[in-house]
A.B. asks: 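My questions all concern the structure below.
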Amino acid sequence: MTKAIALPRQAKNGVRARDYLLPAAIALACASAAYAGADTTFDPALQKFTDFLEGSGGKIITVLSLAGGLIALASGRFALGQVAVPVGVGIGVGTGVPIVTSVVTATI
C-alpha cells in the first residue's frame, strides 16, 4: 500500500510558506556580523545629555517635580505618590544616569 504525498496547502491569498524560504535563505547567507561599540557617532550627544542630567538640568527637573508634588498637596488631597514621585525623580536623576551609563558601557 502506498501513501499519498501531502502537498502544501495554498493560502487563501495564493501565497505559500515555501515562497519565502528561498529569499530567507539568500538573506541569511549574505548577512554579515554586526559589531556594536565601535561607532562613536552619538558620543557628543550622549555626553551633553549626561552632563545636563547630572548637572543643573537634573536639579531643575527634581525641583519642578517637587514643586508639582507640593502643589498637589496644597490642593487638599494627600496621596503617597505626591511625595514618592519627586523623591523617585531625584534619586533617578542623581544616581540613575551613572548606573545606566556604566551598564551600557559594560555591555558594549
Side-chain angles (χ1 to χ4, degrees):
M1 190 178 214
T2 60
K3 290 186 176 182
I5 298 173
L7 296 174
R9 287 192 226 172
Q10 194 167 2
K12 289 182 182 179
N13 61 359
V15 179
R16 286 177 265 173
R18 70 177 180 187
D19 294 340
Y20 293 104
L21 290 178
L22 183 62
I26 291 172
L28 186 63
C30 294
S32 63
Y35 298 101
D39 187 27
T40 60
T41 303
F42 296 106
D43 279 352
L46 175 67
Q47 188 62 44
K48 254 192 196 306
F49 190 66
T50 303
D51 290 345
F52 173 76
L53 286 179
E54 289 178 343
S56 60
K59 292 176 186 172
I60 291 171
I61 292 170
T62 304
V63 168
L64 288 176
S65 178
L66 182 60
L70 291 174
I71 290 170
L73 282 174
S75 70
R77 294 178 296 128
F78 178 77
L80 184 60
Q82 296 167 346
V83 176
V85 169
V87 170
V89 168
I91 291 172
V93 170
T95 61
V97 176
I99 291 171
V100 170
T101 305
S102 66
V103 168
V104 170
T105 304
T107 303
I108 292 176

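Here the structure is a predicted model, which means the values were calculated and not measured.
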A.B. asks: Does one hydrophobic cluster hold both Val63 and Leu53, with members joined at side-chain heavy-atom distances below 4.5 Å?
C.D. replies: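 No, Val63 does not connect to Leu53 through the hydrophobic network.
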
A.B. asks: Nearest 0.5 angstrom please: Ile26 CD1 to Leu21 CG, how far?
C.D. replies: 11.0 Å

A.B. asks: Let me confirm one number: the CD1-CG distance from Ile71 to Leu66, rounded to the nearest 0.5 Å.
C.D. replies: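 Spacing of CD1 (Ile71) from CG (Leu66) equals 10.0 Å.
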
A.B. asks: Using a 3.5 Å distance criterion without hydrogens, assess whether the side chain of Ser75 forms a donor-acceptor pair with backbone atoms of Ala72.
C.D. replies: yes

A.B. asks: Would Asp43 and Gln47 satisfy side-chain hydrogen bond (donor to acceptor under 3.5 Å, both in side chains), going step by step from the backbone distance to the final call?
C.D. replies: CA-CA 6 Å; Asp43 279 352; Gln47 188 62 44; over 6 Å; no

A.B. asks: Please name all residues satisfying side chain to side chain contact (heavy atoms under 4.5 Å, CB included) with Ile60, sequence neighbours left out, ordered by chain then number.
C.D. replies: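 In terms of side chain to side chain contact (heavy atoms under 4.5 Å, CB included), with neighbours along the sequence ignored, Ile60 is linked to Leu64.
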
A.B. asks: Which heavy atom of Pro86 sits nearest to which heavy atom of Gly69, and what is that distance?
C.D. replies: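 Nearest heavy atoms, Pro86 then Gly69: CG-CA, 4.4 Å.
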
A.B. asks: Please check if the side chain of Ser65 supplies one atom and the backbone of Ile61 the other of a donor-acceptor pair under 3.5 Å.
C.D. replies: no

